[in-house]
*Asks:* 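This is the structure I have questions about; it appears just below.
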There are 2 protein chains.
Amino acid sequence: MATIRDVARHAGVSISTVSLALNGTGPVSDETRARIDAAVAAVRYTPNLMAQNLKRGQSKLIGMVLGDAANPFFGRLFGTIDKHISGHEHMLIVANLASDPDRELRTLTLLKRHRVAGIIMTPLRNDPEFAAHLNELDVPVVLVDQDVDGTALDFVTSDHRRGAEMLTAYLARLGHRRIAYIGGQRNMWAAERRLEGFRSAMAEAGLEVDPELEIVADYSADLAYDNVMRLMSSPARPTAILAANNYMAVGALQAVTDLGFRCPDDVSIAGIDVVAWNSIVMPRITTVEQPIDELARVASLWMMEHVRGEVARIAERRCHVAEPRLVIGHSCAPPPK
Amino acid sequence: MATIRDVARHAGVSISTVSLALNGTGPVSDETRARIDAAVAAVRYTPNLMAQNLKRGQSKLIGMVLGDAANPFFGRLFGTIDKHISGHEHMLIVANLASDPDRELRTLTLLKRHRVAGIIMTPLRNDPEFAAHLNELDVPVVLVDQDVDGTALDFVTSDHRRGAEMLTAYLARLGHRRIAYIGGQRNMWAAERRLEGFRSAMAEAGLEVDPELEIVADYSADLAYDNVMRLMSSPARPTAILAANNYMAVGALQAVTDLGFRCPDDVSIAGIDVVAWNSIVMPRITTVEQPIDELARVASLWMMEHVRGEVARIAERRCHVAEPRLVIGHSCAPPPK
DNA sequence: CGATCCTATCGAAACGGTTCGATATCAATG
DNA sequence: CATTGATATCGAACCGTTTCGATAGGATCG
């Protein structure tokens, strides 16, 4: 592969002159510039970014760590962030955790070895050991969707608590009293916020939470299916089910359908963050949507500010909390008499 | 950030010894090794991959170019490829074309500047100019899903033609004679194969294709919606609709539903590659599924063979054609009397 | 006309590693 | 005891750039 030396030789100038000409730094006569351009084309020169970055001390690479690439939420998040980032001749190194928290530390280390200019991530873990690693990483990080307690990193999220509140309050207004909640892992930040929102809205509506109806299903459709099967087979079954993410809403609807119940006639179902294909799900599920584009825009913007050194590393952490949007579908109705 | 020099100074040895010890190349006494390990921990040394790669002449980065990150097909493809690749301490630089063919060349150039060890891509363009660029790129490339005529690059795909044939034949067996086909862009490789499959299966069944019922909707849900609205409003409306991808199947079902028709009673709908949420779409759409995991596995395997130099650049191109799977749902029935 | 200042170009030193060819030490060999 | 061969370590060159300081020629100035 052609190097800058080949260009210099071909154009009959020194390599420093080639560098000056190509980067537009330093004065170069028009005639020399023309000869260099011709040489570049002749030897098919493509600057070696690894060498440039090594010399400049910073790479034009930004790490992105996704919780689960198969989930459309992350696909849209990545796509939109890529749109913003790639305009600045940067590129994204993307790693997929596949919902496995054990891969998280190893992934961060690998990204650091690549000397990425920054990392945008949706963390899975939220514990002191992980927070310590994050703090010692010495690379700008913007967290998206999930916070990590004990760090002072920029954080962009939608208001998970408020989203759960909106849906719960909506179900309560319809007259439901026995509302089941299918939640995510207990130690994950967003899951905790959603659970808080559910509980607070229940209390606000003067309703009691039956511990039997508060399920932890780890964001998995299968676990949600099994649990809803069990719940709905009990005589004290709920009249409404609130699922904390899109997968679990799918699992819940499937279980309800398989048991021969009709939704929303026999039981109402609402879900958080049911994206994309929701438009053709019958019945269309009532949901709160996360404003993914807004999250991506702010995260990219802040990351580029870090990369350009426009924000001091020690500066106070920034938080952006986006408002979720309640989308009424046809999966909720007043409870059966 | 600590360099190998810091480690050497701290351990009281030369930098070459540190390198030999850390890479396990060359003999190092146990005592020295221990001192070096201690020094690494003390100065918090992380090897600079940019420097290593520069010296070694090859990066541990593999480029991945996605047609449209928001489409779950690409999310799952990326996730599975990442699983295979990252086991070999490689990482993926991912770029999203967002269905815009104009970004394709620029993206490839940028990846080449990063000196990626190889590129896995789902191309959008299929024209001689693009093929020429690909041939001159001088980087191992594995194409997935879409071929580019005029190149001899490794190619992994599912049998698009056969998938369309299976669905068409299925509809014909149910008794449909007026079958509409909603296709993708005419110049895209996979779209052409699917169209071929539709036509061949129609001929095979002794059915005539009404040119009015062969629609090009560019893989867009909105265009499919508009076109199906028009088709179904005509007196000579079809009794079955075959959509060439998941988005268009959704658009078609939506249009049919909005017009007050019932599926499958009034009109049957089948789609290619309706993934993920299909399990709760009511009615569940009959579809052929692409074996994404198989595509990802073979593509990763071939790429790693290229990276390790196990396959000559001039070798004959390899093609892997995976068999799609017909998944019968509830969206198809015999035509109304 | 000598001093001063651009302008255009160049040589050489980095950047942070790897690796090849010394060198030094020491036990085994004939 | 001189030779040989491991074993452990080191110095220096190199990967492909950027960039700083130096140089040389020509125009401008007092």
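Throughout, protein chains are lettered first and strands after them, A, B, ... in sequence-line order, and every chain is numbered starting at 1.
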*Asks:* Quick check: does any side chain N or O of B/D147 sit under 3.5 Å from a backbone N or O of B/D149, one acting as donor and the other as acceptor?
*Replies:*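 Side chain of B/D147 to backbone of B/D149, a donor-acceptor pair under 3.5 Å: no, none is there.
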
*Asks:* Looking only at side-chain N and O atoms, does B/T32 come under 4.0 Å of OP1 or OP2 in D/dA8?
*Replies:*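 Checking B/T32 against D/dA8: no side-chain N or O falls below 4.0 Å of OP1 or OP2.
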
*Asks:* May I ask you to evaluate whether B/T17 reaches the phosphate of D/dC10, defined as a side-chain N or O under 4.0 Å from OP1 or OP2?
*Replies:*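 Yes, within the criterion.
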
*Asks:* Of the residues in residues 49-57 of chain A, which ones touch DNA chain D at a heavy-atom distance under 4.0 Å?
*Replies:*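 A/A51, A/Q52, A/K55, A/R56 - these, ordered by number, are the residues of the stretch whose heavy atoms sit under 4.0 Å from the strand.
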
*Asks:* Counting any heavy atom closer than 4.0 Å, what does A/T3 reach on the DNA or RNA strands: base, sugar-phosphate only, or nothing?
*Replies:*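 A/T3: backbone/sugar contact only, no base atoms under 4.0 Å.
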
*Asks:* What nucleic acid atoms does A/S29 come within less than 4.0 Å of, heavy atoms only: base, sugar-phosphate, or nothing?
*Replies:*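 Since only primed, P, OP1 and OP2 atoms lie under 4.0 Å of A/S29, the category is sugar-phosphate.
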
*Asks:* Give me the bend of the helix from C/dC1-D/dG30 to C/dG30-D/dC1, using the axes of the five pairs at each end, rounded to 10°.
*Replies:*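 Roughly 60°, once rounded to the nearest ten degrees.
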
*Asks:* Rounded to the nearest 0.5 Å, what's the gap from CG on A/L97 to CD on A/E104? Could you check?
*Replies:*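 A/L97 CG to A/E104 CD: 5.0 Å, rounded to 0.5 Å.
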
*Asks:* Treating A/R113 as the side-chain partner and B/L49 as the backbone partner, does any N or O pair qualify as donor plus acceptor under 3.5 Å?
*Replies:*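 Checked: no pair found.
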
*Asks:* Counting the atoms with a prime plus P, OP1 and OP2 as sugar-phosphate, which does B/T25 contact under 4.0 Å by heavy atoms, base, sugar-phosphate, or nothing?
*Replies:*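 No contact.
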
*Asks:* Which nucleotide, C/dC10, C/dA8, D/dT17, lies nearest any side-chain atom of A/V13?
*Replies:*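 Of the options given, the side chain of A/V13 lies nearest C/dC10.
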
*Asks:* Short question: side chain of B/Q146, backbone of B/P123 - any donor-acceptor pair under 3.5 Å?
*Replies:*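 No, the answer is negative, given that no donor and acceptor are paired below the 3.5 Å cut-off.
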
*Asks:* Verify the contact: side-chain N or O of A/S16 to OP1 or OP2 of C/dT9, cut-off strictly under 4.0 Å; return yes or no.
*Replies:*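 No.
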
